[in-house]
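Below is one structure, written out as structure tokens, with a few remarks after it.
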Amino acid sequence: MEFVDLLMNWYPGHHRDLPWRRTRDPYAIWVSEIMLQQTRVAAVIPYYERFMRELPDAAALAAVSDDRLNLLWQGLGYYSRAKNLKRAAEMICSEYGGRMPDRYDTLLKLPGIGSYTAGAIASIAFSERVPAVDGNVLRVYARLFDDPSDIADPAVKTRVFDELKAIMPVDAGTFNQAMMELGATVCVPNGQPLCGECPLKNVCKAKEAGTAGLLPNKRAKKPRTVENRTVFALYDHGAPLLLKRPNRGLLAGLYELPNTSGILSTAEAMQWMTERNLHPIGNLLSYSAKHVFTHIEWHMRVYAADVAGEGTASFIRSDGSRSIPTAFSVCLPEDR
Ligand code: SF4
């Protein structure tokens, strides 16, 4: 197809120079792809470089402690990604002799690796002719073929995967990266794409029809659920008091500031602390904070104070080696 040649000729002279593009190491490509899910490229780069320095292969990742891994991930959010990376690394060590599987179908068996990530690793690191279909690729495809289908529909994704598989060139890794790069830098989301700079402008059906700014079609997401919480930012000799969350559910196994559901009044917050033998020293500050997860929003009332009392022994004093997820770090007072 003509667009394939145009895209393949465009990519070498126009792609961004990103650290994970300088390697064909499947482990490095895997780590970068997982980090890039839900996180912007510019934000990922320092995390990726530090992660690769400290955990350069699956064996190192499988052996790292959960606390250290969470600290390396702190700020990227969506910690289940890190958890799945480690679980998959353990599987790579126990079942695949420490080497990343080299086939799309086998990669799909690893925790946290879906069709897109398996396609990216298999095509870029092992040259397997298999597509990597993410939101960027679906958007480019919908516009290129002026296709009004709902790209949130899994059946549409499967169809795009099959159609791209049938036409992709031998150099599948470059083709996949070129599709992603065009979607990220030229055929951009949220409004008008940069058609004037696009290598596909003379073959693009949506450009011809004037529908590029209207595509892709995507079913509206359900609105997020709002949960009210009260969070306590309590300091014992300068260190915030923490608890460890359960190993299942939201922010599983991470450290949290003590908190409870609902919004407590100042009197209720004082009672909450008294019941736990925690006694504020000086002023009890109160302010609000908010954190947005994929499906939930936390609207939080925060009470912050230095505390004393026997109850402090029931908490973990933060010593900097434990990651505090953003949902709680936004509650810590800025002047500490
Ligand atoms: S011409 Fe415009 S709409 Fe078509 S692929 Fe290029 S940037 Fe996207």
Side-chain angles (χ1 to χ4, degrees), residues 1-18 20-21 29 32-33 35-45 114-124 127-221:
M1 253 195 203
E2 195 180 355
F3 97 83
V4 176
D5 292 338
L6 291 167
L7 194 64
M8 296 297 279
N9 289 336
W10 168 83
Y11 182 72
H14 293 87
H15 69 78
R16 293 163 296 175
D17 178 28
L18 302 172
W20 46 88
R21 294 248 173 88
I29 293 163
S32 72
E33 290 296 348
M35 286 187 171
L36 287 164
Q37 293 167 7
Q38 326 268 7
T39 311
R40 289 177 303 106
V41 166
V44 162
I45 291 173
S115 172
Y116 165 76
T117 309
I121 299 168
S123 64
I124 299 167
S127 303
E128 184 174 347
R129 276 192 69 224
V130 63
V133 180
D134 69 350
N136 281 327
V137 172
L138 286 167
R139 181 172 60 257
V140 171
Y141 181 95
R143 289 172 174 167
L144 184 59
F145 296 103
D146 196 22
D147 183 339
S149 308
D150 173 8
I151 61 164
D153 179 350
V156 172
K157 193 170 172 185
T158 303
R159 173 166 61 76
V160 172
F161 179 96
D162 291 342
E163 290 181 12
L164 290 179
K165 192 168 178 13
I167 57 167
M168 68 195 310
V170 173
D171 187 355
T174 300
F175 174 79
N176 284 337
Q177 290 182 89
M179 285 289 279
M180 296 172 207
E181 190 71 356
L182 191 79
T185 62
V186 181
C187 197
V188 289
N190 306 325
Q192 286 297 336
L194 312 174
C195 300
E197 300 170 22
C198 181
L200 311 184
K201 61 186 172 206
N202 294 327
V203 296
C204 176
K205 298 271 195 310
K207 177 161 188 308
E208 191 184 342
T211 52
L214 304 174
L215 292 172
N217 276 323
K218 194 173 179 185
R219 195 177 47 227
K221 283 188 196 154

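Both ligands and their constituent atoms are indexed starting at 1 by order of listing. For the single chain, residues carry numbers from 1 onward in sequence order.
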Item to complete: In sequence, state the C-alpha distance, the side-chain angles, and the governing distance for Arg159 and Asp147, and then conclude on salt bridge (Lys or Arg N to Asp or Glu O under 4.0 Å).
Response: CA-CA 12 Å; Arg159 173 166 61 76; Asp147 183 339; 3.1 Å; yes
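Annotation for Glu181 and His14: closest pair OE2-O, 4.5 Å, computed over non-hydrogen atoms. Closest approach of Arg219 to Asp150, counting heavy atoms only: N-OD1, 3.1 Å.
With values rounded to the nearest 0.5 angstrom, Asn217 atom CG is found 8.5 Å from Ile151 atom CD1. Here the OH-CD distance, from Tyr116 to Gln37, works out to 8.0 Å after rounding to the nearest 0.5 Å.
The set of protein atoms (N, O or S) found at less than 2.8 Å from atom 4 (Fe) of ligand 1 reads Cys204 SG, by chain and number.
For Arg143 (side chain) and Ala212 (main-chain N/O), a donor-acceptor pair under 3.5 Å exists by modelled atom type.
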